[in-house]
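Each chain gets a letter, A, B and so on, in the order its sequence line appears, and its residues count up from 1. If you're wondering where the values come from, they're calculated on a predicted model, not measured in any experiment.
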Amino acid sequence: MGKKLDLKLDIKEIKQYDAASVEKEIFSYWEENGFFKPEAHKRSKKEDRFTIILPPPNANGNLHLGHASGYSYQDLMGRYNRMLGRETLLLPGKDHAGIQTEVVFEKELAKKGKRKKDIGREAFYDQAYEFSMMNSAIARGQERRLGLSADYERELFTLDPRIKKTVFETFVSMYNDGLIYRGKRIINWCVRCQTALADIDTEAKNEDGFLYYIEFGPFVIATTRPETKLADTAIAVNPKDKRYQKYIDTEVEIHSVEGTYKLPVIGDYTVDPEFGTGVLKVTPGHSVEDFRIAQNHNLPIKTVIDQYGKMAANTGKYAGMKVLEARDAIVKDLDEMGLLVKTEKINHNIRVCERCKGVIEPLISYQWFIKMEDLKANAIKALTDGKIHFHPKRQEKNCLHWLQIPEDWCISRQLWWGYQIPAWYCGGKNHVIDKDGNVEEVYGSTGGCGKIIVSTNKPENCPYCGKKNLVQDEDVLDTWYSSGQWPYATLLAHDADFERYFPTQVMETGRDIIFFWVARMIMLSLYKYNEVPFSDVYLHGIVLDKDGKKQSKSKGNGIDPMQEIEKFGADALRLSFIVGNAPDQDYRLYEEKIRGFRNFINKIWNASRFIMLQLDSLEDMTQLLTTVESLEKGDYRNENETLSLHNAHLKTMRKLMDSFRFGRAGDEIYTYFWHRFCDIDIEHMKKEIQDHPENKEENLGILVYILLTELKVLHPFVPFITEYIWHILGEYGIHQEESETIMYSRYPVIA
RNA sequence: GGGUAAUUAGCUCAGCUGGUAGAGCAUACGAUUCACAUUCGUAGGGCCGCAGGUUCAAGUCCUGCAUUACCCACCA
């Protein structure tokens with residue numbers, strides 16, 4: 001055997017367990033002996049294996065409480081299953097986190113007075129990679145400090161070449177299957193980040209604004225965005241609206257700031273007669289809903305706002321103004337022309353970028369999309385067939401709800417950080433702007449056939465025309481496209497792992513990324529392997545501060561998990577994430593709570609200490625060991641209250657652990673250990689030993705037996721102290737042939 | 001507009017398939033050289049948000065309402 005654990009805290013001398021002084025050493029004892037590797041305990045049957053692919057934290061910062069909380073649950077399950085005799089793999093990783101890291105790293109550059117343009121794409125990528133590696137190393141150290149029993153030799157970064165291989169293969173096959181396409185659609189454009197975003201990457205922000213009532217030919221229309229009127233291509237009313245029925249399918253003449261022109265009037269049932277005046281100006285180039293109406297009615301599209309949020313060249317005197325400036329200018333002009341009827345205050349929702357909270361400008365754009373209809377339908381089927389169990393169950397409905405939204409997924413981002421899309425244009429790709437201000441994509445203008453080649457590697461020459469003038473698409477893939485393949489991509493990266501561990505058992509995460517991630521993993525895994533990637537999804541609650549607010553760096557209300565670990569120990573911190581907390585229920589965390597669990601850890605130490613001190617007074621251990629052994633075999637069962645309650649407790653624990661009720665399980669063991677075992681059983685034995693010294697061996701045997709089993713049951717929750725005491729018991733020869741490490745001891749089973 | 005959760009002791013929260021209300025912290029009083037003051041004991045404190053309903057029995061199931069939080073949604 002390899003490294004031994006050095007027991008430098010003398011349990012007979014030390015009254016207060018000092019977690020910080022021993023936890024690191026315990027960890028390296030585990031890791032250096034390879035205990036975290038599934039190979040340490042190979043099992044031939046697939047059902048005897050247990051795998052969790054750990055959610056990779058973003059490699060752009062430190063470990064925060066959310067990560068620590070997740071890891072505590074993941075490790076809890078891993079250690080529990082390992083002790084049940086399963087071949088267990090916790091596979092760790094780090095996420096390149098596309099747009100988020102790009103924003104973070106841009107800020108890093110700004111500190112040095114540089115912008116990304118200054119250093120160029122390649123250098124930017126390399127430096128961001130280096131930056132991510134540095135952060136990964138820090139995070140890895142912090143994860144270890146928490147006691148995470150993951151196999152770090154298998155750790156992967158989401159941009160690892162081995163992951164890339166899988167991601168690109170999937171991209172190519174989805175393209176060939178017609179599921180990925182290059183399309184021209186209205187997308188969410190973040191003006192600040194200068195990239196397209198998927199719907200899910202945006203969020204609603206409630207804002208006070210104005211609703212302008214404007215004379216519009218024979219109508220009065222109400223709009224919050226008068227500047228987009230320059231891009232109107234129709235007027236829509238509800239066909240049921242008696243006021244306007246007669247105008248439908250006619251053309252009306254408009255006099256407005258841009259002169260006199262004609263617009264068709266169409267009938268569309270999505271127009272709400274109750275809103276404003278019941279007349280909608282249709283601006284397909286700058287409104288998602290209007291774009292849909294335009295598609296249904298074959299309306300032309302005009303573009304008047306560019307990617308920088310400025311009025312485009314085709315807007316006459318407004319050209320070059322920022323959107324808000326143009327809005328004011330147009331309102332002023334309308335007013336002067338006597339066309340502004342009235343202005344109302346309104347509270348409405350606008351879309352903002354999920355990352356930078358900047359304004360989203362809906363724009364028509366060429367992007368890569370994934371056709372979602374079938375992928376979502378298959379995922380819905382898998383869920384309704386009960387292939388995946390959510391804990392708590394209600395979140396399954398939440399997931400289903402999202403899967404019913406039909407939108408295609410925009411997967412291209414105009415960033416530098418991430419996977420550059422494996423698509424090549426023969427003869428390049430250019431943009432031209434037509435008379436309506438619309439951007440059109442033109443292929444092949446620099447000498448080529450203009451075909452798009454999608455391939456995992458850059459082709460030597462064009463398979464269609466043989467020319468060598470191939471230009472790669474400049475965009476990168478949405479980070480969730482690669483993350484969505486994480487469960488199988490990580491396993492494919494190591495020889496036989498996929499065969500051995502896929503599909504996995506559990507996904508453990510927070511409900512905030514069910515849509516972003518969980519749903520997409522399910523869809524992509526079903527696409528590629530026709531199998532769900534995991535059978536259970538456990539959702540932990542979100543950690544809040546003492547006032548019930550979400551902890552965040554910007555608010556400065558965050559607790560640093562590393563500081564708490566140094567103060568109270570990793571075991572105590574882990575308990576504070578788990579004990580008494582219901583799944584998916586947000587909870588508050590503050591130092592007094594952690595301190596309370598530190599006290600519990602110390603209680604474990606002192607209960608053990610008492611028993612060791614008693615053992616020292618024995619002349620020989622033979623009878624005691626016999627008692628322990630027969631208790632482990634199930635003799636003496638139910639002979640007294642102490643043992644029968646202990647058995648009942650073990651059964652309860654097993655039931656709670658197997659049904660994913662970890663918070664209750666933590667509560668159960670906390671209460672049992674402290675208030676039954678310590679407060680009643682040990683106190684009682686103390687008296688017994690005094691009154692009946694002749695039964696000392698037997699009575700002590702019962703205590704040792706209970707301590708032994710309790711350490712095992714506690715171990716998934718508090719791995720460090722339980723290992724430490726397990727080793728001390730080992731020195732007394734108490735579990736000699738079972739296992740040197742408690743990690744591979746047998747979880748107590750009660751018939 | 002739709003959905004989901006929360007509402008239980010002063011505070012923070014548990015409470016699985018319905019069977020006479022629980023924990024931690026806080027408070028009060030007391031104990032203790034004998035495992036632990038990071039300890040132990042005792043006590044106070046709850047019409048389990050409100051209103052109905054189902055049931056022999058409801059914090060637990062159903063309906064409605066109120067407040068809060070989060071999520072979804074094309075209100076221009």
P-based separation of B/U63 from B/G3 [nearest Å]: 12 Å
Between C1' of B/C25 and CG of A/L575, the distance in whole Å: 16 Å
Short N-O contact, A/R292 and A/E407, less than 4.0 angstrom: yes
Within residues 674-691 of chain A, residues whose heavy atoms come under 4.0 Å of RNA chain B: A/W674, A/H675, A/C678, A/D679, A/I682, A/E683, A/K686
Euclidean distance, atom CZ of residue A/R609 to atom C1' of B/A35 [Å, nearest integer]: 6 Å
Donor-acceptor pair, side chain of A/D201 and main chain of A/E354, under 3.5 angstrom: no
Euclidean distance, atom CG of residue A/D547 to atom P of B/U68 [Å, nearest integer]: 18 Å
Nearest-angstrom distance, C1' atom, B/U68 to B/G53: 26 Å
Span that lies between the C1' atom of B/G45 and that of B/U27, in whole angstrom: 10 Å
Check nucleotides 3-6 of chain B against the protein and report each pair of N or O atoms closer than 3.5 Å, with its distance, or say if there are none.
from	atom 1	to	atom 2	distance (Å)
B/A5	O2'	A/Q585	OE1	3.4

Contacts of A/E215 that satisfy salt bridge (Lys or Arg N to Asp or Glu O under 4.0 Å) - sequence neighbours left out: none
Main-chain N/O of A/F516 paired with A/R520 side-chain donor or acceptor, under 3.5 Å: yes
NZ/NE/NH1/NH2 to OD/OE distance under 4.0 Å, A/E258 and A/K229: yes
Gap in Å between the two P atoms, one belonging to B/G10 and one to B/C47, rounded: 8 Å
Contact check, side chains of A/L618 and A/L700, non-hydrogen atoms, under 4.5 Å: yes
Whole-angstrom distance between B/G24 and B/C62, as gauged at atom P: 31 Å
Contacts of A/R661 that satisfy salt bridge (Lys or Arg N to Asp or Glu O under 4.0 Å) - sequence neighbours left out: none
Pairing pattern in dot-bracket form [Watson-Crick, G-U; both distances under 3.5 Å; | = partner strand] for RNA chain B: (((((((..((((.....[..)))).((((((....).))))).....(((((..]....))))))))))))....
Among A/I187, A/D478, A/L197, the one residue meeting side-chain contact (heavy atoms from CB on, under 4.5 Å) with A/C410: A/I187
A/R225 backbone acceptor or donor facing A/T223 side chain under 3.5 Å: yes
Any residue meeting salt bridge (Lys or Arg N to Asp or Glu O under 4.0 Å) with A/E23, in chain and number order, not counting sequence neighbours: A/R145
Sub-4.0 Å heavy-atom contacts from residues 587-599 of chain A onto RNA chain B, ordered by number: A/R588, A/Y590, A/K593, A/R598, A/N599
Spacing of A/I601 atom CD1 relative to B/U38 atom C1', expressed in whole Å: 11 Å
Ring centroid separation A/F660 to A/F662 under 6.0 Å: yes
With sequence neighbours excluded, residues passing salt bridge (Lys or Arg N to Asp or Glu O under 4.0 Å) with A/K12: A/D616
A/K302 side chain to A/L230 backbone, donor-acceptor under 3.5 Å: yes
Close side-chain approach of A/I248 to A/V237, heavy-atom, < 4.5 Å: yes
Protein-to-nucleotide contact annotation, 5' to 3' order, nucleotides 69-76 of chain B [B base; S sugar-phosphate only; - none; under 4.0 Å, heavy atom]: --SSBBBB
Test item: A/K376 and A/W409 side chains (from C-beta on) under 4.5 Å apart, heavy atoms: no
A/D208 with A/K345: basic N within carboxylate O range, under 4.0 Å: no
Electrostatic pair A/E564-A/K567, nearest N-O below 4.0 angstrom: no
Residue pairs passing the salt bridge (charged side-chain N to carboxylate O under 4.0 Å, His left out) test where at least one lies in residues 597-614 of chain A, sequence neighbours excluded: none
N/O contacts under 3.5 Å, protein versus nucleotides 15-17 of chain B?
from	atom 1	to	atom 2	distance (Å)
B/C16	O4'	A/R661	NH2	3.0
B/C16	N1	A/R661	NH2	3.4

NZ/NE/NH1/NH2 to OD/OE distance under 4.0 Å, A/R588 and A/D547: no
Nucleotide B/G1, atom P - distance to CG of A/N206 in whole Å: 13 Å
Length of the CZ-C1' vector between A/F600 and B/A35, whole Å: 15 Å
Spacing of the P atoms in B/U7 and B/U12 (rounded, Å): 12 Å
Any residue meeting side chain to side chain contact (heavy atoms under 4.5 Å, CB included) with A/E207, in chain and number order, not counting sequence neighbours: A/K205, A/I350
P gap between B/C36 and B/G19, integer Å: 41 Å
Sugar-phosphate only, base, or nothing, as touched by A/K603 at under 4.0 Å among non-hydrogen atoms: base
Nearest-angstrom distance from the residue atom CZ of A/F568 to P of B/C25: 14 Å
Pairwise P distance for B/C13 and B/C72, with rounding to whole Å: 24 Å
Nearest-Å distance for atom pair CD1/C1', residues A/I721 and B/U38: 12 Å
